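Report on the following structure.
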Amino acid sequence: MKKLLYMLTGFALMFSSCDNEEDRIFDQAADTRINEAVQGYQDLLLSAESGWKTNYYPNADLLGGFTFLFEFNGDGTVETAWDINETVETSLYQLSSIEKPQLAFDTYSVFSKMTDPEVGEAGVGMSGDYELYFERVSENRDTIYLEGKTNESTMVLVKATPADWTDINKLKNMETKLIKEEGIHPFFRNLVVEGSDRKFMLSYFEDMRRLNFSFTNDAGEYEVINTGVHFTPTGFEIYDPLVINGNEVKRFVYDAPNKKFLVGDEGVAGEVIFEAEAPCSFKGAAYKYFNMGWDTYSYVSPKLLEKLDALKELEEGGVESFYISSYEGHDWAEGVTAYFSDYSSVGFDIAEFEMFNEDQLIMHDGGFASWYYEEDIFMANEGGKALYDILFDSQGWTVVPLVWSKYGATCAIVSNSDPEIFISMQD
């Protein structure tokens, strides 16, 4: 019996010894594979002579894209540039593997704006990731695909060129062209594609880098396609392509001589032009914006400023913005105030905001109101009289939504008599 127990114990020890040895060999093999994978990604990051470029969408459902350039160094530092300003910052990065190989931007830099809870939505930020898993590499090894560890944002790194580091400073200029075009023109900026009767009105929200395409759908109803946008040295690209006549429209190129954007996709002829009419009716806009309280309209159209130029005789700097108070049911809180560059102001009480056709508005005069100017002196001024006539034009205004979102709402009001006269909440 003792001999049998001895034999069984011996077999158990032998098998236990074999199992432990196989575990050690397996662990060593796994560690080796992980280390080799991390080193492989490290070597790839360092192999790009001009670094890497990404058009990074931290939260593609809510925000647009930001272009970053990274130059990774062997000492654990990375030089980062982005399209918001011309600053190139040096910070730290690290490659490691816990679940799988990952890249971490582990000191604060301009890229940290994508995850900083103080930037963007309070307490949430832009919902980007500073730690990203390596997912795959293209066959020619010039593109690396990563996925955010926490929020699962997508990052695609493409080998950069020397020109990318120069051109990144041009991207902000393209954004400026999309925000507003200088000169006198109608408000409505419409995408027109050859072979299609459907037009799309563009409105851009700078704070979120989102673009609205407003149009009349097949049911004859007002519809909006909202998508993110990132900028290129020659124009911009949208995150979700439009499909028009079976063709995808995604790229836009700026035509500087003619001051307009052209469709840049192969096989599609189209342009973004200013027109006197909107391609749709903005159902519900008047009620939404003019029952909501008050707002500052910070962009005044060039033609309106031209009409008001004579007001500089009263105040040298002229009109800078408008403040419209529209509390429904409170006559004391309804009015329009024009602010001048020296912070003086002139106002008109509104007897009624008459709304019709859901996106139309007429303001009815409720009386002059100013602590700075006498009514007879102001109204004797050519610019003062023009302001009165424009505000209280019997043809009224079209209320045009620019952004409706949980982050806020902005709109413009466009004169029905002259669509080159408009004021906008968004500068």
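Computed from a predicted structure; not experimentally measured.
- Rounding to the nearest 0.5 Å gives a distance of 14.0 Å between OG of S214 and CZ of R189.
- The shortest distance between side-chain heavy atoms of D129 and E131 does not fall below 4.5 Å.
- Side-chain contact annotation: S415 with D418, donor-acceptor N/O pair under 3.5 Å absent.
- Q39 and D43 form a side-chain donor-acceptor contact under 3.5 Å, judged by distance and modelled atom types alone.
- Taking the six-membered ring for Trp and the full ring otherwise, the centers of Y373 and F340 sit less than 6.0 Å from each other.
- The distance from the CD1 atom of I144 to the OH atom of Y41 is 8.0 Å, given to the nearest 0.5 Å.
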Query - Worked check of salt bridge (Lys or Arg N to Asp or Glu O under 4.0 Å) between E237 and K250 - result: CA-CA 6 Å; E237 294 186 11; K250 186 178 179 71; 5.3 Å; no
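- At a cut-off of 3.5 Å, with distance as the only test, no side-chain donor of N151 or S153 sits close to an acceptor on the other residue.
- No more than 12 heavy atoms of other residues, nucleotides or ligands lie within 6.0 Å of OH in Y343, so this atom counts as exposed by the packing criterion.
- Distance OH/Y372 to CG/L314: 14.5 Å, rounded to 0.5 Å.
- At a cut-off of 3.5 Å, with distance as the only test, no side-chain donor of S281 or D359 sits close to an acceptor on the other residue.
- Side-chain contact between M379 and Y388 is present, with at least one heavy-atom pair separated by less than 4.5 Å.
- If you check the side chains of Y93 and N73, you find no donor sitting under 3.5 Å from an acceptor.
- A perpendicular orientation is assigned to the rings of F213 and F200, their planes being inclined by more than 60° (bins at 30° and 60°).
- In this structure, the separation between OG on S301 and CZ on F422 is 4.5 Å, given to the nearest 0.5 Å.
- Figure legend: R136 and Y145 shown as a cation-pi pair, the cationic atom lying under 6.0 angstrom from the six-membered ring centre and within 45 degrees of its axis.
- The environment of CD in E223 is crowded: more than 12 heavy-atom neighbours from other residues, nucleotides or ligands sit within 6.0 Å.
- Put simply, the side chain of E315 gets close to the backbone of G318: a donor and an acceptor are under 3.5 Å apart.
- The aromatic rings of Y56 and F111 lie tilted to each other, with the angle between the two planes from 30° to 60°.
- Between the side chains of T398 and N416, at least one donor-acceptor pair of N or O atoms lies under 3.5 Å.
- For the pair Y57 and F66, the minimum side-chain heavy-atom distance is 4.5 Å or more.
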